[in-house]
Amino acid sequence: DAGVIQSPRHEVTEMGQEVTLRCKPISGHDYLFWYRQTMMRGLELLIYFNNNVPIDDSGMPEDRFSAKMPNASFSTLKIQPSEPRDSAVYFCASRLGQGTYIQYFGAGTRLSVL
Amino acid sequence: QKEVEQDPGPLSVPEGAIVSLNCTYSNSAFQYFMWYRQYSRKGPELLMYTYSSGNKEDGRFTAQVDKSSKYISLFIRDSQPSDSATYLCACQRAAGNKLTFGGGTRVLVKP
């Protein structure tokens, strides 16, 4: 299995621009998680999906952030408009069902907002 | 105060030494405990997974959970330069879906 695939690996954009991060979970996994990692705050959960349905978005920092999962093999995290304080590494992780709590992480997208 | 606390380090040890890492947590509902390893510019990867209290060993790695003191530990024996990474502890409630991570401890194993 190729694991969790994220794209792009690096994104540099200017303040005010729209940013879209993409994630392909491991085939067959029915949970998908979006995290943000910064030096100051560590690894924070933003939102997670179960069977393509958003279950908990309490970690989404504000309305500028949105996430979708149109099908079992694809999810996006969108920031519009982007701000310099959004600069971070964004990770996607997936997990197989109940009974196991092991999340498998992608390599991340390093976002820089200038 | 964070639910899961971890000393950020860095922790520097000579090759072959035992690396001792630990976390404390405050939520008594946590039942699942994990250690993830994160190399620079990579995603976290699962290293050890423990349910409730007790010890678990896997090769050079030993994970310990003491629920009475809300303390979890990871020991790395015969450390290698390739063990240089950031180690993140994570906790989860039973029947929950959200992992709560510590801030990570950076480890440097010097040849």
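The sequence lines fix the lettering, A, B, ..., with proteins before strands; numbering per chain opens at 1. Just so you know, these numbers use all the heavy atoms, side chains as well, and skip hydrogens, waters and symmetry mates.
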I'd like to know whether B:Lys98 forms a side chain to side chain contact (heavy atoms under 4.5 Å, CB included) with A:Tyr48, so could you lay out the CA-CA distance, the side-chain angles of the two residues, the decisive distance to 0.1 Å, and finally the verdict. CA-CA 8 Å; B:Lys98 296 164 70 169; A:Tyr48 78 91; 3.7 Å; yes

Which atoms of B:Tyr36 approach chain A - backbone, side chain, both or neither, heavy atom under 4.5 Å: side chain

Show the nearest heavy-atom pair for residues B:Gln38 and A:Phe91, with the distance to one decimal. NE2-CZ, 3.3 Å

Can you name the closest pair of heavy atoms from A:Arg9 and B:Arg41 and give their distance? NH2-O, 3.5 Å

Considering non-hydrogen atoms only, spot the tightest contact between A:Met40 and B:Lys2 and give its length. O-NZ, 4.2 Å

Give a yes or no on whether the backbone of B:Leu46 and the side-chain of A:Tyr104 come within a donor-acceptor separation of less than 3.5 Å. no

Select one option (side chain, backbone, both, neither) describing which atoms of A:Leu45 are under 4.5 Å from chain B's heavy atoms. side chain

Verify side chain to side chain contact (heavy atoms under 4.5 Å, CB included) between A:Phe33 and B:Leu99, making sure each step is shown before the conclusion. CA-CA 10 Å; A:Phe33 304 81; B:Leu99 281 175; over 6 Å; no

A:Tyr35 with B:Tyr87, same ILVMFWY side-chain cluster at under 4.5 Å: no

Just wondering, more than 12 heavy atoms not from A:Asn71 lying within 6.0 Å of its CG? yes

Any chance CZ of B:Arg77 has more than 12 other-residue heavy atoms, nucleotides or ligands included, within less than 6.0 Å? yes

On a heavy-atom basis, which atom in A:Phe105 and which in B:Pro44 lie closest, and how many Å separate them? CB-O, 3.3 Å

What's the verdict on side chain to side chain contact (heavy atoms under 4.5 Å, CB included) for B:Phe101 and A:Gln37, showing C-alpha distance, side-chain angles and the deciding distance? CA-CA 11 Å; B:Phe101 282 88; A:Gln37 188 176 41; over 6 Å; no

Heavy-atom count around B:Lys67 NZ within 6.0 Å, excluding the residue itself: above 12? yes

